[in-house]
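The structure under discussion appears below in the form of structure tokens.
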Amino acid sequence: MSLFYRSTRSQDKKVTASQAILQGLAEDGGLFVPERIPALEVPMEQLADMSYQQTAYEVMKLFLDDFTEEELKGCIERAYDEKFDTPQIAPLVKQDEAWYLELFHGATIAFKDMALSILPHLLTTSAKKNQVKNEIVILTATSGDTGKAALAGFADVPGTRIIVFYPKDGVSPIQEKQMVTQKGKNTFVVGINGNFDDAQTGVKKIFGDKELAKEMEQAGFQFSSANSINIGRLVPQVVYYVYAYAKLYKAGSIGKGEKINVVVPTGNFGNILAAYFAKNMGVPIKKLICASNDNKVLYDFFTTGEYNRNREFILTTSPSMDILISSNLERLIYKLAGEDAEKNKAFMKKLSEEGKYTITEDMKSRLSDFAGGFATEEEVAEEIHRMYEKTGYVMDTHTAVASCVYRKYKETSGDETKTVIASTASPYKFTRSVMNAIDSRYDSMGDFELVDELSSISKTAVPKAIEEIRTAPVLHDTVVEVEGMKAIVKKFLSM
Ligand SMILES: *Cc1c(COP(=O)(O)O)cnc(C)c1O
């Protein structure tokens with residue numbers, strides 16, 4: 001039986017999984033959703049003994065059912081290999097009151113690697129399946145994490161090129177160094193004199209440029225996006241929730257069918273949506289706890305039913321969660337609206353015109369799978385400090401948001417269900433904020449001095465991703481004005 005994908009904004013057209021991956025966004029601006037969520041086929045006893053790669057196959061084959069076994073296994077093998085610093089790929093670590101699912105063992109030490117290490121292979125396989133002859137050109141604007149993870153994923157993947165634009169003065173020194181030292185003949189990193197919004201708007205303009213698209217086609221190229229709304233990023237994220245549950249079961253930490261709670265530090269709502277998919281596939285999950293930082297749009301949504309982006313944008317120490325429009329929430333809204341595309345479209349129209357919408361009481365009553373929470377900057381720092389003092393475990397700022405929200409949730413709800421916390425970045429990626437939370441005396445140290453100090457106090461090795469950039473030569477030094485973005489794309493493609 002085939003699983004097709006439809007847009008959240010119109011009912012009529014359906015596409016295969018590989019077409020949805022190639023297209024990224026539906027033509028009507030909606031997001032692709034599977035017609036139904038497939039149920040897991042193998043029993044938990046069997047999943048318990050599977051490797052990450054085997055689990056990935058069992059989960060992904062159900063969503064990407066127009067891929068052959070050979071194609072999908074090939075993608076999985078090329079993605080989850082020695083780029084990860086542990087054969088477990090996503091280890092579970094018990095600390096204090098919960099299990100931390102460490103999703104930061106890939107090439108760029110943040111959870112984006114979990115999907116971006118496989119997306120390039122899913123994309124090139126999809127191109128082949130659909131007789132696309134053009135070379136795929138990935139265009140991305142980044143505020144830091146996504147750009148590097150996409151670069152690492154696409155570097156030297158045949159049939160692809162990747163161009164990343166970042167705000168020259170708008171990313172951390174470590175993030176910039178990570179990007180400008182990127183190897184790979186098909187990679188191109190460009191700083192722009194402007195902020196992230198300028199970069200994002202510039203990229204959208206290039207995507208929408210019909211004349212350029214024609215020229216590209218003639219030269220044998222076509223654009224695609226590595227954006228988190230692509231189902232080629234969502235589906236690989238479902239895997240680690242199934243894997244985590246199976247490993248807890250295998251270790252005897254939970255009994256057969258025992259429910260767990262999952263806490264996810266959230267920005268664009270992609271990671272927690274994947275957990276929701278896992279639950280709908282049959283993984284015994286009770287509550288999905290959505291953790292926000294001071295930009296608590298989602299917390300307010302889950303508590304009131306109103307989504308309202310009209311508020312101040314707050315810069316926090318967990319920058320990957322500094323988001324006021326959570327794009328992937330549209331897939332949940334569509335589901336809550338009874339898979340009614342017209343209804344969903346009306347909410348999205350209100351969001352783009354007025355910056356807010358309120359769901360109906362009926363829809364609100366279907367939100368019981370979720371709980372929302374948030375942590376302030378002070379609470380996040382306290383949580384990092386508390387955990388380190390109590391256990392010696394050092395968490396990054398994003399994980400600390402989730403950890404703090406979990407403790408507050410447990411206290412107010414009295415819910416003692418065993419809990420998995422998605423741990424989305426290595427503390428080495430946000431060293432300064434993490435070390436400052438542990439002790440203010442670190443304030444005067446340099447970036448790499450702090451890295452060594454973190455290694456010493458946490459008794460963990462400095463990850464390869466950080467070690468490499470200490471000495472790596474700068475390979476990209478192009479900086480352009482916002483107006484020059486299109487010209488530089490053409491230059492890179494020798495057009
Ligand atoms: C992207 C990111 C998040 C947010 O994930 P979403 O899927 O956008 O909700 C959280 N933590 C880190 C470290 C990230 O890079």
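The structure presented is a predicted model; accordingly, all values stated were derived computationally and were not measured. Each ligand, and each atom within it, is numbered from 1 in the order the structure gives.
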Checklist outcome for this item: Chain-and-number sorted residues having a heavy-atom contact under 4.0 Å with ligand 1 are Phe111, Lys112, Asp145, Pro265, Thr266, Gly267, Asn268, Phe269, Gly270, Asn271, Ser320, Met321, His398, Thr424, Ala425
Next on the checklist: Would Lys408 and Phe374 count as a cation-pi pair here, with the cationic atom under 6.0 angstrom from the ring centre and within 45° of the axis?
Outcome noted: yes
Item to check | Contacts of type salt bridge (charged side-chain N to carboxylate O under 4.0 Å, His left out), residue Lys296, not counting sequence neighbours | outcome: Asp300
Item to check | Phe165: partners by ring pair (Phe, Tyr, Trp, His ring centres under 6.0 Å), with sequence neighbours left out | outcome: none
Checklist entry - Considering residues at least two apart in sequence or located in another chain, which fulfil the salt bridge (charged side-chain N to carboxylate O under 4.0 Å, His left out) criterion with Asp28? => result none
Item to check | Tyr80 ring center near Phe84 ring center (under 6.0 Å) | outcome: yes
Checklist entry - Does the His476 side chain pair with the main chain of Phe188, one donor and one acceptor, at a distance under 3.5 Å? => result no
